[in-house]
Every structure is written in C-alpha cells, then in structure tokens.
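Working notes, structure below.
Protein chains get the first letters and strands the later ones, always in sequence-line order, with residue 1 at the start of each. Basis for what follows: all heavy atoms, side chains included, without hydrogens, waters or symmetry-related copies.
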Amino acid sequence: MIDKFVPSLTEAMAGIADGATVLIAGFGAGIPDTLLRGLLAQGARDLTLVVNAAASEEGPVAELLAAGRVRKVMCSFVRAASTASRLQREGRLEIEMVPQGTLAERIRAGGAGIQAFYTPTAADTVLAEGRETRVIGGKLCLLEHAITADVALVDAWEADRWGNLTHRATARNFNPIMAMAGRLTIVQTRHVVALGTIPPQHVQTAGVFVDRVLHVPEGDAA
Amino acid sequence: MIQGRDRLAIARRIAEDIPEGWFVNLGIGMPTAVSDYIPPEREVIFHAENGVIGIGPAPAPEEADPYLVNAGVQPITLLTGAALVHHADSFAIARGGHLDLCVLGAFQVDEAGDLANWAHGLTEPTRQIGGAMDLAVGAQRVWVAMEHCTKAGEPRLLPRCTYPLTARGVVQRVYTDLAVLEVTAAGFAVREMVPGLDFATLQSRTGATLQRG
C-alpha cells in the first residue's frame, strides 16, 4: 500500500543533507511554516534556499538565515531591513536576485526536465551582465537555467495517502511547481482525506510529485 | 500654487482610460487603487501575480481570508467568474502577452520609455524586483503611475534613467500628479496638465525635454 504520510516532523525532515538546495513555497499564504521550523531543528547547514522573498527580520526563513545555516538565497525581493540583507552586508550570505516570473519558470522547467530557456525578462538589465543573451524572434533574450532542488517544502489544504493535493485559494502560488522540482518533496497539509475524496479533476498537485506528507491541523502551525 | 493630483486622484485618472473588457495587472502601491475607480458596470478583469484572475473589492477586515491575498499580500475578494492558477501559469499570463495593460509604479522613466522601479542603485539593499521585470516586458501596454518629482524636488522623468533598469523601451504612458504624458518617438509628449499648470512650469520640473500636445 502506498502511504506517504509520516507520523512526525522529525521523520518528515529526515535525511536532508548539508549543502542541500531547498525550495520554499508560499507567497503571503501557503507557506510551509511547520516544515521550516522542522528544518531549523533538523540541523542541515550550508543550505541554498529558493524562495520568493527574503524580506523580513522575523519568521522561519529569517530564523534559518540568522542561525547561520544558509549559504545562498535565490529570491525576487529583498528589503533593507531584513536578515538576508544584513547577512549579505556582513559577507555571510550570497543573494541571487531573480525576477519572480523567471523564478517560477525556472522551477517549472526544472520539474519538467527542461534544462534551460530563453526569455526577454531582464535581458536588458544589469541582471544579464556577463551572461548569455541572443536575439530570438526579434527580441533580446536571456538564457535562464532550470532550477531543481534536493528538497521542496510545500503547503497543502488537503492531502490523501498517495500525496494528491489541493491548495486553498491563493495559497496555491509556488506550491505545485515546487512539488514538481524537488527530488524529495515534503508536504504539510491542513486536512487529511481518504483516497478518492478529492475528485480527480480537482487535484492541483498530483501525488506523483510528492514523497512525504505531514498532517499539521489548523491552529497547530508550529 | 498648483494643486497637483494626490495619489488616489492619479489612480482615478488612470481608471478613466481603461476600457471595458481589458485584462489588467496593477502593481503594488499607487496602481493598486486603480481598480477602486472602475465603475461596476464596466467589466475589467484584474490579475495578481500570485495567481488571481478576477480580483474583487477589498473585504471588510472581519471578513478577510488569510488564504486569499493579492501580490501585495493584502486581503482581497474574488469576483464571480474568477479563476485561480499557480505561480508559473500566473507568470505565463504576464510574460505570454495576455495582459492588455500593466500599471506600475516607478522611480524613474526616461524619454525612450525605459523603466527603473526596483532599486535606487546597485548597492541599494532594498531590491524589489518581484514581478516587475516580467510584467514590463510581457504586457501589451505599460503605463506608469508616479509622482512627477522626488520629495527633494528632483525630476523623475529624464533623458536617461540613472537607476538600474527594470526594462528598456516599454513605457507607453505616464500619469503623474501634474500631467499625463505619452512616450513617443520624439520623447515625452504632454497630453494633459492639471488645471492652472502651464507648459513652462511643467518643463521646469521635468528632466527630459517635453513635446507640446
């Protein structure tokens, strides 16, 4: 019987190695906060985080950064008053700025087995300096490489034992594409449902992309 | 003393120019208010980068759903007929030319239509790229909502942007507290000035050379 549920946070986070690249889903909503606290407790170091924003001085991403566990962040948005910005000024963190759509597409491509693609986004900006560009269809385009990762941390609203997921409202955001791009995809879900409960046409992330699922009931975020 | 448009009045002025049927993305800040000024009988569909097609009015605070937010992470509602997609599909909308219009804020715009809206310099610790580079190159039209000058009185409409660019040659129209301008082959053309403002005064507050009409 296929059963992707794990009974504890410790088991959910087991085996994440030092040096791992970790995709962190979420955009205001749909943040896998419990799994992030699990990663903090798990202890892996020298991590590369791929996350939309590193804009805060609090919250689980900032805590991982502040604990000195992260070597590099790839993100689309950094604020001056953020832990990421402070660590970069101190020479303790590398930040790679990636336009948000390029970030999403690099992750999607990674999950889809596409090695790289050309896009006009950022082709005419400082982000393209020293990188490969070419004119395609009359437009200057920038070569962007796919992102795959050792681990993806994903949030869901409902999950069944095959790992089929739904995401509530705008909590979907990066979750389905990060689930695709992680070699080990770990999910926290608000609700556990029996196999077949989610109508097949309503599955938003298919279970084939999911490895482990942890039940984190509402109000039990950390 | 000339009474310029305040930020909401700029948003209201932009809303006047958006016709029924357009599919529109509004940037964070001043542009977000544009949707409040679209009359209910005019069907315009608003997109948010985090996967919303059909943003409705802001909810009352007690009705806010933490699972339903816009790209500025403010609570929203959905219109009847709305759709939700994941982030890659949402940016396929932006990058694939499916938006009729994107309204963005800016630090600087220049007479070639170059847009600078993510950093004040390359050493600037705040780097707010977000989805702006994708939207700027992907939308059918890019309009900018901005103050004509900085708080220190420095012009933001320039012959050439001095801040790092978001995209080159993409801005078609600029709405400021003082005027509505179009980017043409000959540079900024003044389409409209607020009452009481004359061309020479507007020119004195603009870094680029303005064209009449």
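- One distance of note links OG1 of A:Thr170 with NE2 of B:His87; it measures 10.0 Å at 0.5 Å rounding.
- When each of A:Arg79, A:Met178, A:Arg108 is checked for heavy-atom pairs under 4.5 Å with chain B, A:Arg79 comes out on top.
- Nearest heavy atom pair, residue A:Phe27 against residue B:Asn70, reads CE2-O, 3.9 Å.
- Inter-residue side-chain proximity for A:Arg168 and B:Asp65 is flagged as met; some heavy-atom pair is nearer than 4.5 Å.
- For B:Gln140, the CD atom sits in a packed shell: over 12 heavy atoms of surrounding residues, nucleotides or ligands are nearer than 6.0 Å.
- Neither the backbone nor the side chain of A:Arg86 has a heavy atom closer than 4.5 Å to any heavy atom of chain B.
- Using a 4.5 Å heavy-atom cutoff, the side chains of A:Phe174 and B:Asn50 are not in contact.
- Across A:Ile107, A:Asn175, A:Val126, the residue that shares the most heavy-atom pairs under 4.5 angstrom with chain B is A:Val126.
- Between A:Leu127 and B:Met133 there is a side-chain heavy-atom pair separated by less than 4.5 Å.
- Within the 4.5 angstrom heavy-atom criterion, only side-chain atoms of A:Gln88, from C-beta onward, approach chain B.
- Most heavy-atom pairs under 4.5 Å with chain A: of the set B:Ala132, B:Gly131, B:Gly130, B:Gly51, this distinction falls to B:Gly130.
- For a residue to count as touching a neighbouring chain, one of its non-hydrogen atoms must lie under 4.5 Å from one of that chain's; by this rule B:Leu122 touches chain A with the side chain only.
- Counting heavy-atom pairs under 4.5 Å between each of A:Ala122, A:Gly28, A:Ala80 and chain B puts A:Ala80 at the top.
- Annotation: residues 90-119 of chain B contacts chain A through B:Phe91, B:Arg95, B:Trp118 [non-hydrogen atoms, separation under 4.5 Å].
- Heavy-atom neighbours of A:Trp162 CH2 from other residues, nucleotides or ligands within 6.0 Å: at or below the threshold of 12.
- Highest contact tally toward chain B, considering only A:Ala29, A:Ser76, A:Ala53, is held by A:Ser76 [criterion: heavy-atom pairs under 4.5 Å].
- At most 12 heavy atoms of other shown residues, nucleotides or ligands fall within 6.0 angstrom of atom CD in A:Glu58.
- Here the shortest heavy-atom pairing between B:Arg127 and A:Met97 reads O-CE, 3.3 Å.
- Chain B forms the most heavy-atom pairs under 4.5 Å with one residue out of A:Ala171, A:Ala104, A:Pro176, A:Pro99, and that residue is A:Pro99.
- Of all the heavy atoms in A:Gly101 and B:Asp134, the pair that sits closest is N-OD2, 2.6 Å.
- Residues B:Leu165 and A:Asp124 form no side-chain contact, since every pair of their non-hydrogen atoms from C-beta on lies 4.5 Å or further apart.
- Per-residue counts of heavy-atom pairs under 4.5 Å with chain A were compared for B:Val52, B:Asp89, B:Leu68, B:Leu135; the largest is that of B:Leu68.
- For the atom pair OG1 (A:Thr125) and CD1 (B:Ile129), the distance works out to 7.0 Å, reported to the nearest 0.5 Å.
- With respect to chain B, the highest number of heavy-atom pairs below 4.5 Å among A:Asn52, A:Thr119, A:Val98, A:Leu140 belongs to A:Thr119.
- Here the side chains of B:Val137 and A:Lys139 are not in contact, with every heavy-atom distance at 4.5 Å or above.
- Minimum heavy-atom separation, B:Ala88 to A:Ile177: CB-CG2, 3.8 Å.
- Heavy atoms of B:Ala71 lying under 4.5 Å from chain A belong to its backbone as well as its side chain.
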